[in-house]
Amino acid sequence: MLSDEECLKAIEIMGESFPNAHSSLVADTDFHFLLAVIMSAQTTDKAVNILSPKLFETYKTPYELAEANVADVMTLIKTIGLYRNKAKYLVACAQKIVSDFHGVVPQSRKELMSLPGVGRKTADVVMAECFGIPAIAVDTHVTRVSKRLRMVAQDADVLKIEQTLMKKLPKSIWIAAHFRMIYWGRYQCMARSPKCESCPLLKMCAEGKRRVEKG
DNA sequence: ATCCCGAGGG
DNA sequence: CCCTCTGGAT
């Protein structure tokens, strides 16, 4: 396992490659950003950004989406994976925001997670992006990158990963670290063919060295 | 543990 | 063709 200092160093090196990594989901309001994050589950944000302008134009507020026909929403988001479940979540989520939160996206993790289709990862992303609340959302990229680098135990689940990273990294860089690991996972440490040979982190990466050794 | 699930990349 | 994409609910 990497020490706290080594973890911080790794995050800093990622920052040199991706100096201003930020969310690539496009949304004009907190409500629309929440919808985009729900839709991004097991789906590239690029795919979400293609359909979201029309969806957001059609349903500008929670009040409008709460009255929507689920079938109509399905048609609008049919190009992304898991679209049937997501369409139901989006409408149910809008309805609950109207009924329980006066039409305003709540800020606490507990309240966010009470919304249909919103789990810990989605709640963390919204807290960080919309409200500036420090959090480390653990998704497929963060899981893969932190495990390959041995920042966390190989058998850690997403909650354990989040807790370990929060303990090892200063709160002031949690949000930046999240986005840097996302970009690292997308463009350097990809799931299938990571670019280990040219990786700036190779010297401190157990998995990278193992892969290079192996060929 | 299992289901959902289209599009893009290798 | 097969794998992966900022997961969550049952």
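A note on names: the letters A, B, ... follow the listed sequences, proteins ahead of strands, and every chain is numbered from 1.
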Would a 4.5 Å heavy-atom cut-off, applied to side chains only, mark [X] and [Y] as touching?
{"X": "Q188(A)", "Y": "P200(A)", "result": "yes"}
{"X": "D72(A)", "Y": "Y59(A)", "result": "yes"}
{"X": "C7(A)", "Y": "L169(A)", "result": "yes"}

Output yes when at least one side-chain N/O atom of [X] is less than 4.0 Å from OP1 or OP2 of [N], else no.
{"X": "R186(A)", "N": "dT6(C)", "result": "yes"}
{"X": "T140(A)", "N": "dC5(C)", "result": "yes"}
{"X": "T43(A)", "N": "dT6(C)", "result": "no"}
{"X": "H141(A)", "N": "dC5(C)", "result": "yes"}
{"X": "R144(A)", "N": "dC5(C)", "result": "yes"}
{"X": "R84(A)", "N": "dC5(B)", "result": "yes"}

Hey, does [X] reach any base, or is it just sugar-phosphate, or nothing, if we go heavy atoms under 4.0 Å?
{"X": "T122(A)", "value": "sugar-phosphate"}
{"X": "V118(A)", "value": "sugar-phosphate"}
{"X": "I50(A)", "value": "nothing"}
{"X": "K86(A)", "value": "nothing"}
{"X": "Y89(A)", "value": "sugar-phosphate"}
{"X": "A47(A)", "value": "nothing"}

Find which nucleotide of DNA chain C each of P116(A) and V37(A) is nearest to by heavy atoms, and output the residue with the more 5' nucleotide.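 The residue mapped nearer the 5' terminus is V37(A).
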What's the [atom1]-[atom2] distance between [X] and [N], to the nearest Å?
{"X": "D139(A)", "N": "dT4(C)", "atom1": "CG", "atom2": "C1'", "result": "13 Å"}
{"X": "K96(A)", "N": "dA9(C)", "atom1": "NZ", "atom2": "C1'", "result": "14 Å"}
{"X": "L35(A)", "N": "dG7(C)", "atom1": "CG", "atom2": "C1'", "result": "16 Å"}
{"X": "M39(A)", "N": "dC5(B)", "atom1": "CE", "atom2": "P", "result": "16 Å"}
{"X": "K195(A)", "N": "dG10(B)", "atom1": "NZ", "atom2": "P", "result": "10 Å"}
{"X": "H178(A)", "N": "dT6(C)", "atom1": "NE2", "atom2": "C1'", "result": "6 Å"}
{"X": "L76(A)", "N": "dG6(B)", "atom1": "CG", "atom2": "P", "result": "16 Å"}
{"X": "F33(A)", "N": "dT6(C)", "atom1": "CZ", "atom2": "P", "result": "13 Å"}

Closest listed nucleotide, where the reference is the side chain of [X] and the choices are [options]:
{"X": "T79(A)", "options": "dA7(B), dG7(C), dT6(C)", "result": "dA7(B)"}
{"X": "L82(A)", "options": "dT6(C), dT4(C), dC5(B)", "result": "dC5(B)"}
{"X": "Y83(A)", "options": "dC5(C), dG6(B), dG8(C)", "result": "dG6(B)"}
{"X": "R192(A)", "options": "dC5(B), dT6(C), dT4(C)", "result": "dT4(C)"}

Would you find a donor on one side and an acceptor on the other, under 3.5 Å apart, between the side chain of [X] and the backbone of [Y]?
{"X": "H178(A)", "Y": "A137(A)", "value": "yes"}
{"X": "E207(A)", "Y": "L149(A)", "value": "no"}
{"X": "R150(A)", "Y": "R148(A)", "value": "yes"}

Specify the residue among S193(A) and I80(A) whose closest nucleotide of DNA chain B lies further upstream toward the 5′ end.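 The 5'-side residue here is I80(A).
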Taking only the P atom of each, what is the distance from dT10(C) to dC5(B) in whole angstrom? 15 Å
Atom P, compared across dT2(B) and dT6(C): separation rounded to whole Å: 25 Å
With rounding to the nearest 0.5 angstrom, report the CZ to CZ distance, R120(A) to R109(A).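 Going from CZ on R120(A) over to CZ on R109(A), the span is 4.0 Å.
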